[in-house]
Protein chains: 2
Amino acid sequence: MLDNQQLSDILRANGYKVTPQRLAVYDALAAMKTHPNAEMLYSVLQPKYPSMSFATVYKTVEILHKINVIQILNTGEDSMRYDADTSIHHHIQCISCGRVDDLNGLDSLALVKEAESLSGYEIAGHQFYFFGVCPDCKKMVQN
Amino acid sequence: MLDNQQLSDILRANGYKVTPQRLAVYDALAAMKTHPNAEMLYSVLQPKYPSMSFATVYKTVEILHKINVIQILNTGEDSMRYDADTSIHHHIQCISCGRVDDLNGLDSLALVKEAESLSGYEIAGHQFYFFGVCPDCKKMVQN
DNA sequence: AAATAAATAATAAAGATTATTAAAACGTTA
DNA sequence: TAACGTTTTAATAATCTTTATTATTTATTT
C-alpha cells in the first residue's frame, strides 16, 4: 500500500509518467478489501473520472503489474482480478457471492519446499486459492 | 482414469448419450501427462476425427466436468486447461515452456483446516498452483 | 510558455468461449 | 428392422475479455 508520492517515485524511476488516472486506479484498488476485476474497477472510477476508458484501466493495471506494485489473480473465472498487496499471501473465493478475499497468516513455505523436491522444478512463485461459503453468505442461508 | 465402459455408464446415468466424440475427448485427455487447453485437445483429436469441431471440444469438456470426470484448471493464462484426474492434487507450471504438470503427494489438508479457521469460510475446495522452471528447461539453460 | 515525447480515449481487432441452428446420429418403439 | 422423436454434432455467428491502433490531449523538459 503506497501513497501517491511513493507510487509517483516508482513510476518515474521506471520511466513512466505520473498521471491522475494512474494514481486513481492504484488508489481505488488499494482502497478495496476484496479484489476487483477490470469491470469493477472501471465502475468505481468512472463516476469520479467520467472520461476514464476501459483501455486505460487495462493499460494501467498492466503497468502497475510490470513495476511490481500490484499482483494479478485468477480464480478460474473468465476475467482477471487485481490486488494492491504484493506480499506473499493467498486468496479465498465465495462460491455463493463470488467475492475474493485475502487469506493472511497462512504459512506456505514448507509446502513450497516440499513441492520443489517432489517436482524437480525450481519454484519461483505460487498461488493458493480456496473456495467456500463466506461468513456473510452462511448467515443468509441460515436466515 | 476411466475406461470407455465406465465413462459410458456415467454418461448414461446422467442422461447424456454416448458418442464417439465424447469418448475420444476423454481418452485424449486421459492419455496426456500434461494438461492441455481446448486448442491442444483439438489439434490432437483433429487428425483422427477430421470432422471434429472446436464447439464439440468445448461442449464435451463442459459435460465431462458437469458429470465430474474431469476438472478444469486455470493458471492465470487466457485459456482454461483440463485434467482427467479428479482426485485432490495440485499443479505446477513452467514459466519457461508453459507446460502444466501434476504435483502429487503434497498434503494440503492441514493448510485447508488452517485456512478455514483463519477465514471464517466453510471451505469446499482448493487449488494450489506453483510456478517455476521445469527440469527440461533447467537443462536447456545449462547447455 | 513552447517543444517533444508519452498517455489517454475512442474504436477496432483479436482470441477464447458460448449460443444458434440445420443436419446427422442415437436410441427407442412399433 | 424401419421409422420416429430427441439429442448431438458441426458450422457459424455472437459474446465477452483483453489487446492493438491512432488521433488528440497531457506531462515533462527546455
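Just so it is clear, the structure is predicted and the values come from calculations on it, not from any experiment. Here is the naming used below: chain letters follow the sequence lines, and residue numbers restart at 1 for every chain.
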Does A/Asp9 use its side chain to pair, donor to acceptor, with the backbone of A/Leu11 at less than 3.5 Å? no
Applying ring pair (Phe, Tyr, Trp, His ring centres under 6.0 Å), which residue pairs with at least one partner in residues 14-39 of chain A are found, sequence neighbours left out? A/His35-A/His91
Between the protein and nucleotides 24-26 of chain C, which nitrogen or oxygen pairs are less than 3.5 angstrom apart?
from: C/dC26; atom 1: O2; to: B/Lys17; atom 2: NZ; distance (Å): 3.1

Between [X] and [Y], what is the shortest heavy-atom contact and its length?
X	Y	result
B/Gly120	A/Lys138	O-NZ, 3.0 Å
B/Gln21	B/Met52	CG-CE, 4.0 Å
B/Asn74	A/Gly76	CB-CA, 3.7 Å

In the hydrophobic cluster built from side-chain contacts under 4.5 Å, what are the other members alongside [X]?
X	value
B/Ile88	none
B/Phe130	A/Ile92, A/Leu103, A/Leu106, A/Leu111, A/Val112, A/Leu118, A/Tyr121, A/Ile123, A/Phe128, A/Phe130, B/Ile92, B/Leu103, B/Leu106, B/Leu111, B/Val112, B/Leu118, B/Tyr121, B/Ile123, B/Phe128
B/Met1	none

Kindly write out the residues that satisfy side-chain contact (heavy atoms from CB on, under 4.5 Å) with A/Ile95, not counting sequence neighbours, or none if the list is empty. A/Phe131, A/Val133, B/Ala124
Can you give one letter per nucleotide of nucleotides 9-22 of chain C, going 5' to 3': B for a protein heavy atom under 4.0 Å from the base, S for sugar-phosphate only, - for none? BB-----SBBB---
Do the side chains of A/Met80 and A/Asn37 get nearer than 4.5 Å, heavy atoms only? no
Do the side chains of A/Arg81 and A/Ile72 get nearer than 4.5 Å, heavy atoms only? no
Outer limits of DNA chain D sitting under 4.0 Å from a non-hydrogen atom of chain A, read 5' to 3', are D/dT17 to D/dT28
Common cluster, B/Ile70/B/Ile10, ILVMFWY with side-chain heavy-atom separation under 4.5 Å: yes
Note: contacts of residues 92-100 of chain B with DNA chain D (heavy atom, under 4.0 Å) are none
Are more than 12 heavy atoms, taken from residues, nucleotides or ligands other than A/Glu122, located less than 6.0 Å from that residue's CD atom? no
Where at least one partner belongs to residues 39-49 of chain B, residue pairs that pass side chain to side chain donor-acceptor pair (under 3.5 Å), sequence neighbours excluded: none
Tabulate below the donor-acceptor pairs under 3.5 Å that side-chain atoms of residues 58-66 of chain A make, not counting sequence neighbours, or state none.
from: A/Thr60; atom 1: OG1; to: A/Thr56; atom 2: O; distance (Å): 2.6
from: A/Glu62; atom 1: OE2; to: A/Lys66; atom 2: NZ; distance (Å): 3.4

Expected output is a numbered-order residue list: members of residues 4-14 of chain B with a heavy atom under 4.0 Å from any atom of DNA chain C. What is it? none
